[in-house]
Amino acid sequence: MKILFAVLLFCCISLGGYYYYNHEYVETLMLSDIITDTKDDWTKIAVGLLDFDTGLTRHDLSQLYSKKDYWLKRINEVDNIIDPNIQAKESEKLLAEMMDDQAIKKIIKGSFTQTSEFIKEILR
């Protein structure tokens, strides 16, 4: 009886661990799963028409969420530079810095466009 209970307990814990790992780290999200709460009608239409698998997992999104304030601040700093030459250099530095972040790297290397507006929308 004790062995049966131990085996059942082990199976339940293993299945729960597998489900959690699969849910957080393996299953990738569709664009409509990421951009859900938007008031912009054009964004809703674009998401409806261009819904695709982003390659991002829930873990990636939680990593992005934890760093979103920093990235938004850096993007705004670069956007507020008036001189186009300095802005271009700073944009390159920012892009290089973002490529060090694994979740941002997935966004940039994926099928998204490389615009700061789209990254801002995901970070929101």
Side-chain angles (χ1 to χ4, degrees):
M1 186 67 166
K2 290 181 183 181
I3 294 175
L4 180 61
F5 178 73
V7 168
L8 285 174
L9 182 62
F10 176 76
C11 288
C12 289
I13 291 172
S14 296
L15 286 173
Y18 172 77
Y19 174 77
Y20 176 77
Y21 177 79
N22 190 50
H23 184 74
E24 287 292 316
Y25 298 97
V26 176
E27 289 179 0
T28 56
L29 301 170
M30 299 293 287
L31 184 62
S32 60
D33 295 332
I34 296 172
I35 303 177
T36 55
D37 298 330
T38 182
K39 293 176 175 58
D40 184 23
D41 291 333
W42 288 109
T43 304
K44 288 179 185 177
I45 292 170
V47 168
L49 293 174
L50 303 173
D51 199 17
F52 58 92
D53 187 357
T54 62
L56 296 172
T57 63
R58 286 171 181 83
H59 177 71
D60 295 330
L61 289 181
S62 67
Q63 295 291 17
L64 278 173
Y65 182 75
S66 68
K67 298 175 187 174
K68 78 174 184 161
D69 293 332
Y70 172 75
W71 289 123
L72 289 172
K73 182 181 121 201
R74 288 283 290 127
I75 290 169
N76 287 331
E77 287 173 359
V78 171
D79 285 346
N80 291 332
I81 296 174
I82 297 170
D83 185 5
N85 294 328
I86 295 173
Q87 187 181 33
K89 288 178 185 176
E90 290 300 315
S91 291
E92 289 177 20
K93 287 181 186 177
L94 177 60
L95 187 60
E97 186 180 343
M98 289 177 135
M99 290 302 282
D100 290 337
D101 187 312
Q102 292 299 322
I104 298 274
K105 187 183 235 181
K106 281 185 180 181
I107 292 172
I108 292 173
K109 287 195 172 199
S111 54
F112 295 123
T113 58
Q114 295 184 17
T115 64
S116 60
E117 290 301 317
F118 192 77
I119 292 174
K120 284 181 191 177
E121 186 65 34
I122 287 180
L123 291 174
R124 283 188 202 126

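Along the sequence shown, the residues carry numbers beginning at 1. In what follows, every heavy atom counts, from backbone to side chain, and hydrogens, waters and symmetry copies are set aside.
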Taking the side chain from Gln87 and the backbone from Ile82, do they hold a donor-acceptor pair closer than 3.5 Å? no
Within this structure, what is the CG-CD1 distance for the pair Leu95 and Ile75, rounded to the nearest 0.5 Å? 10.5 Å
Let me confirm one number: the CG-CD distance from Asp83 to Glu90, rounded to the nearest 0.5 Å. 10.5 Å
Looking at Leu9, I want to see if its CG is surrounded by more than 12 non-hydrogen atoms of other residues, nucleotides or ligands under 6.0 Å. yes
Are Lys68 and Tyr65 side-chain neighbours, meaning at least one heavy-atom pair lies under 4.5 Å? yes
Could you tell me whether a side-chain N or O of Asn22 sits under 3.5 Å from a main-chain N or O of Tyr18, the two making a donor and an acceptor? no
CD1-NZ distance between Ile86 and Lys93, expressed to the nearest 0.5 angstrom: 9.5 Å
Would you name the heavy atoms of Asp60 and Leu56 that are closest together and state the gap between them? OD2-CA, 3.6 Å
Nearest atoms (heavy-atom pairs only) where Trp71 meets Met98: CZ3-CG, 3.4 Å
Is Tyr19 linked to Val26 within one hydrophobic cluster, defined over Ile, Leu, Val, Met, Phe, Trp and Tyr using a side-chain heavy-atom separation of less than 4.5 Å? no
Going by the angle between their ring planes, with limits at 30° and 60°, are Tyr25 and His59 parallel, tilted or perpendicular? tilted
Nearest 0.5 Å, please: how far is OG1 in Thr28 from CZ in Arg58? 9.5 Å
Salt-bridge contact Glu77-Arg74 (side-chain N to carboxylate O under 4.0 Å): yes
Gap between atom OH of Tyr70 and atom NZ of Lys73 - 0.5 Å precision: 7.0 Å
